[in-house]
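Note that these values count all heavy atoms, side chains included, but never hydrogens, waters or copies made by symmetry. Both counts, for ligands and for their atoms, begin at 1 and track the order of listing.
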Amino acid sequence: MTNVTFKQEAVASLFEKFQGIFDIGAAVTPRTIHSQGVLLKKHYNSVTAENQMKFAEIHPEPHRYTFEAADSIVDFAVREGKKVRGHTLVWHNQTPDWVFQGDNGAPAAREQLLARMERHIEIVVKRYRGQVYAWDVVNEAIEDTAEVMLRKSKWLDIIGEDYIAKAFEYAHRVDPNAVLFYNDYNETNPVKREKIYSLVKSLLDQGVPIHGIGMQGHWNIHGPTLAEIREAIERYASLGVQLQITELDLSMFEHEDRRTDLIEPSAELQAQRYEQMFDLFKEFRGIITAVTFWGAADDHTWLDDFPVKGRKNWPFLFDNLHVPKKSFHNIMK
Ligand code: GLA
């Protein structure tokens, strides 16, 4: 556990600064709600389980749900008066194999998989009804390349394209008050952006209960450009749905950069980028309803192991010891 000595009383609160504009969220784990507890309470008014509500974690076997870890996060949020974003109900990753298996080693049949999806959504969404105000119902269903619309996955193979609409319908039926999101990455790439736009438009045209688009925001200090981010926000907003930045982090490395010898992180460049991005987000107040970071401080980030295992990264507003970085001060100006 980090040896945190910084007194958060010395600085103003990030979420209070943005109150009335949008929520400020952080992805958390059952460990970080303790190791980063002081920081989270002070600066964030919303939390998301980094992994603990994903299918494999919460429903590892057909008749076994493991709610303890997710419950501990929701309990923390309720106790501290924080909102909770649920993440995620239907995804091609971190989903156990049994979900897609039928009898005698054959793949599940369409009706069987739909029934499993419905039951999973019913049980998970019902458990947190009234506590989780928003769900990433479907995560990353769009293919990155231009040729194909939907990502190849077992959900798609077995159920067909309507697995997406069905997931939203089931979630809405269980919690009609929950705000339901489609969430994806590479959301500013023009090719993928148009595909996400078309998917959500077609869901809306069919009357599917979808209320928002989650832009993950796994970006870096060099890209995407502000113009690309703006174009994506404008395009998605033209659908009349709300937007959230759901997994924001600004890596010190471009995605293709696999070097391991970066000694000096570019704190200055990161701070400039964060400031410009938040200025942009603020222009869309009323449309962007929350900005959630995929972590809270540099001592805990998935980027330490992705895309290069064991390579330290510094993507957030607070450093390893939770001291506010220049990125924080720029946003608070
Ligand atoms: C995707 C998922 C998240 C998380 C990140 C990496 O963006 O939506 O749940 O797994 O990848 O940590």
Atoms of ligand 1 under 4.0 Å from any heavy atom of Glu140, numbered from 1 in the order shown, are 1 (C), 2 (C), 7 (O), 8 (O)

Worksheet item: With a 4.0 Å cut-off on heavy atoms, is Trp91 touching ligand 1?
Response: yes

From the list Met215, Glu283, Glu228, side-chain contact (heavy atoms from CB on, under 4.5 Å) with Ile233 holds only for Met215

Short version for Phe306: what comes under 4.0 Å of ligand 1, heavy atoms counted, is neither

For the residue pair Tyr65 and His120, does the interplanar ring angle fall in the parallel (under 30°), tilted (30 to 60°) or perpendicular (over 60°) class?
parallel

Residue, atom and distance of the protein heavy atom nearest atom 11 (O) of ligand 1 read Glu247 OE1, 4.0 Å

For His87, the ligand 1 atoms with a heavy-atom partner under 4.0 Å come out as 2 (C), 3 (C), 8 (O), 9 (O)

Answer yes or no: does an N/O atom from Asn183 fall short of 3.5 Å to an N/O atom of ligand 1?
-> no

TODO: Please work out whether the ring planes of Phe55 and His59 are parallel, tilted or perpendicular, with thresholds of 30° and 60°.
DONE: parallel

Near Lys54 (heavy-atom distance under 4.0 Å), the atoms of ligand 1 are 3 (C), 4 (C), 9 (O), 10 (O)

Ser153 meets the side-chain contact (heavy atoms from CB on, under 4.5 Å) criterion, sequence neighbours left out, with His92, Trp155, Leu156, Tyr163

Say whether Trp302, considering both its backbone and side-chain N or O atoms, lies within less than 3.5 Å of an N or O atom on ligand 1.
-> no

The answer for which part of Asn139 has a heavy atom under 4.0 Å from ligand 1 is side chain

Report task. Return the orientation label for the Phe293 and Phe278 ring planes: parallel under 30°, perpendicular over 60°, tilted otherwise. Result -> parallel

